[in-house]
J.: 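Structure incoming, see below.
Indexing begins at 1, ligand by ligand and atom by atom, following the structure's order. Along the sequence shown, residues carry numbers from 1.
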Amino acid sequence: MKMALRACLRTKPGLTALLSQLSCSGHAAARRAPALVAQRSSSSTSQKIKVDFDQSSGVAVMHMQSPPVNSLSLEFLTDVCIALEKLEMDKSCRGLVVTSSQPKVFSAGLDILDMYGKSPEHCAEFWKAVQEMWLKFYGSNMITIAAVNGSSPAGGCLLSMTCDYRIMADNPRYSIGLNETKLGIVAPFWFKDTMVNTVGHRATEMALQLGLLYSPAEALKIGLVDQLVHEDQVLTTATETMTKWLAIPGILNISYTCHFFHLWCCNLVCTICSCVCQVIAAKKIHLSQDF
Ligand SMILES: CCCCC/C=C\C/C=C\C/C=C/C(=O)SCCNC(=O)CCNC(=O)[C@H](O)C(C)(C)COP(=O)(O)OP(=O)(O)OC[C@H]1O[C@@H](n2cnc3c(N)ncnc32)[C@H](O)[C@@H]1OP(=O)(O)O
């Protein structure tokens, strides 16, 4: 799916426009202009994000440092998007590792406090920022690896699933999954689609309907993560793994992209049809109540 988005962002101007409308792209850029990285190795920091870029390997490491649990607030999401935009514009950056500076937690998902009791304008901006993060990671031209060094529920799990590869700390205290159902909320369809693309249809059905959080071993078993390593080894393994991915010529990447793009389009058409059906059904129910 990520590759599919990459392809359409490269090759389909119409879809790019569609996605950019969906994603409110540019709201992040409007706040702070991206800067190109000139040094061989560099480090740039916002309050909540630290990026170390090694120009010799072309690999950047994004450290999420929003205490206590890297919850995805509007401010944090905006900083993530700005950091991504900057890296994306620097063509020498080919790989990105995302990890957490917070102990025991990769990301606690959407910031619940930022969703509650806020103005409609804030909620709209917040929700657009969530979509923007998703699109930017999924559509990235860089190879992305999530170094999941702690728990990663809900939106945190989504973030890791938008990456090409996931390495998780092998600590049974940590968990990962889309647990929205347990919170009494329904995960949006694109959360669901992202999970289907990662672990398949049946595993997603079980995961979403029961709001399951998986231990690292369980997550590995269903393919929600790709590799488990000792807690101390998550970041080094991620950078080693990145070397392997970057050794694959980009052209092959693009070929696979076309296959996945086809699947993604089919999915999108189905989703639109199902939305139309739901609207028609809702109207029928409404009408039958009137008479
Ligand atoms: C605006 C319009 C939007 C409309 C949206 C509508 C629908 C959306 C539908 C679905 C999408 C939802 C996606 C989500 O991501 S919802 C968020 C789900 N997240 C969780 O369920 C995680 C809850 N947290 C935990 O499980 C644990 O905190 C942890 C991450 C495992 C860490 O555990 P630990 O024991 O280390 O820490 P604490 O539990 O003591 O927490 C420390 C501190 O952090 C606060 N906190 C935790 N999670 C969040 C969060 N998601 N948002 C905000 N704050 C969070 C927690 O309250 C503690 O704070 P305190 O002040 O007490 O220290």
J.: Hey, is atom 21 (O) of ligand 1 under 4.0 Å from any protein heavy atom?
T.: yes
J.: Enumerate the atoms of ligand 1 whose separation from the nearest heavy atom of Gly109 is less than 4.0 angstrom.
T.: 15 (O)
J.: If only side-chain N and O atoms count, and only distance matters, is there a donor-acceptor pair under 3.5 Å linking Asn70 with Ser107?
T.: no
J.: Counting only heavy atoms closer than 4.0 Å, does ligand 1 sit against the backbone of Ser175, its side chain, both, or neither?
T.: neither
J.: Examine Ser151 against ligand 1 and note whether any of their N/O atoms are separated by less than 3.5 Å.
T.: no
J.: Scan side-chain atoms only and decide if Thr181 and Gln209 contain a donor-acceptor pair under the 3.5 Å cut-off.
T.: no
J.: Which protein non-hydrogen atom lies closest to atom 53 (C) of ligand 1, naming both residue and atom, and how far is it?
T.: Asp111 OD1, 3.4 Å
J.: List the closest protein heavy-atom neighbour of atom 28 (O) of ligand 1: residue, atom name, distance to the nearest 0.1 Å.
T.: Val69 CG1, 4.5 Å
J.: Does any N/O atom on Leu113 come nearer than 3.5 Å to any N/O atom on ligand 1?
T.: no
J.: Main chain of Leu224, side chain of Arg166: is a donor-acceptor contact present, judged purely on distance under 3.5 Å?
T.: yes
J.: Decide yes or no for Tyr174 and Asn149: does some side-chain heavy atom of the first lie under 4.5 Å from some side-chain heavy atom of the second?
T.: no
J.: Find the distance between OG (Ser151) and CG (Leu213) and round it off to the nearest 0.5 Å.
T.: 8.0 Å
J.: Any side-chain heavy-atom pair from Ile167 and Val148 closer than 4.5 angstrom?
T.: no
J.: Does the protein put any heavy atom within less than 4.0 Å of atom 17 (C) of ligand 1?
T.: yes
J.: Any idea which protein heavy atom is nearest atom 29 (C) of ligand 1, and the distance to it?
T.: Val105 CG2, 4.5 Å
J.: Can you confirm whether some protein heavy atom lies under 4.0 Å from atom 51 (N) of ligand 1, or whether none does?
T.: yes
J.: Classify the contact between Asn179 and ligand 1 as side chain, backbone, both or neither, using a heavy-atom distance cut-off of under 4.0 Å.
T.: side chain
J.: Among Glu180, His122, Lys182, which residue places a heavy atom closest to atom 11 (C) of ligand 1?
T.: Glu180
J.: Among all the protein's non-hydrogen atoms, which is closest to atom 19 (N) of ligand 1, and how far away is it?
T.: Ala108 O, 2.9 Å
J.: Mind checking whether Cys123 contacts ligand 1 via backbone (N, CA, C, O), side chain (CB onward), both or neither, at a 4.0 Å heavy-atom cut-off?
T.: both
J.: Would one find an N or O of Val186, backbone or side chain, under 3.5 Å from an N or O of ligand 1?
T.: no
J.: For Leu183, counting its heavy atoms only, list the atoms of ligand 1 lying under 4.0 Å from any of them.
T.: 18 (C), 21 (O)
J.: Does the protein place any heavy atom closer than 4.0 Å to atom 46 (N) of ligand 1?
T.: yes
J.: Only heavy atoms of Phe126, strictly under 4.0 Å: list the atoms of ligand 1 that pass.
T.: 1 (C)
J.: For atom 8 (C) of ligand 1, is there a protein heavy atom at a distance under 4.0 Å?
T.: yes
J.: Between Asp111 and Ser71, do the side chains contain an N or O donor and an N or O acceptor separated by less than 3.5 Å?
T.: yes
J.: Does Asn179 reach the main-chain N or O of Leu212 with its side chain, forming a donor-acceptor pair under 3.5 Å?
T.: no
J.: Which is it for Leu110 and ligand 1 at heavy atoms under 4.0 Å: side chain, backbone, both or neither?
T.: both
J.: Looking only at atom types and distance, does a side-chain atom of Arg94 sit under 3.5 Å from a main-chain N or O of Leu246, one as donor and one as acceptor?
T.: yes
J.: Among all the protein's heavy atoms, is there at least one whose distance to atom 34 (P) of ligand 1 comes out below 4.0 Å?
T.: no
J.: For atom 3 (C) of ligand 1, is some protein heavy-atom partner under 4.0 Å away?
T.: yes
J.: Return the CE to CE distance between Met62 and Met64, rounded to the nearest 0.5 Å.
T.: 8.5 Å
J.: For ligand 1, which part of Ile185 has a heavy atom less than 4.0 Å away: the side chain, the backbone, both, or neither?
T.: side chain
J.: Could you point out which residue of Leu77, Leu158, Val130 forms a side chain to side chain contact (heavy atoms under 4.5 Å, CB included) with Leu72?
T.: Leu77
J.: N/O to N/O below 3.5 Å, does that happen between Gly155 and ligand 1?
T.: yes
J.: With ring centroids as reference points, do Trp127 and Trp134 lie under 6.0 angstrom apart?
T.: no
J.: Flag the pair Ser215 / Pro172 as yes when at least one side-chain heavy-atom distance between them is below 4.5 Å, and no otherwise.
T.: no
J.: Would you mind listing which atoms of ligand 1 come within a distance below 4.0 Å of any non-hydrogen atom of Pro153?
T.: 22 (C)
J.: Do we see a donor-acceptor contact under 3.5 Å between the side chains of Asn171 and His230?
T.: no
J.: I want to confirm something. Looking only at heavy atoms, which of Tyr174, Tyr116, Phe191, Trp127 is nearest to atom 5 (C) of ligand 1?
T.: Trp127
J.: Would you say the side chain of Phe106 lies within less than 4.5 Å of the side chain of Leu159, judging by non-hydrogen atoms?
T.: yes
J.: Of all the atoms in ligand 1, which lie at a distance below 4.0 Å from a heavy atom belonging to Pro68?
T.: 43 (C), 44 (O)
J.: For ligand 1 and Ile112, I'd like to know whether there is a polar contact (N/O to N/O, distance under 3.5 Å).
T.: yes
J.: Tell me, do Thr144 and Tyr138 make a side-chain contact under 4.5 Å, heavy atoms counted?
T.: no
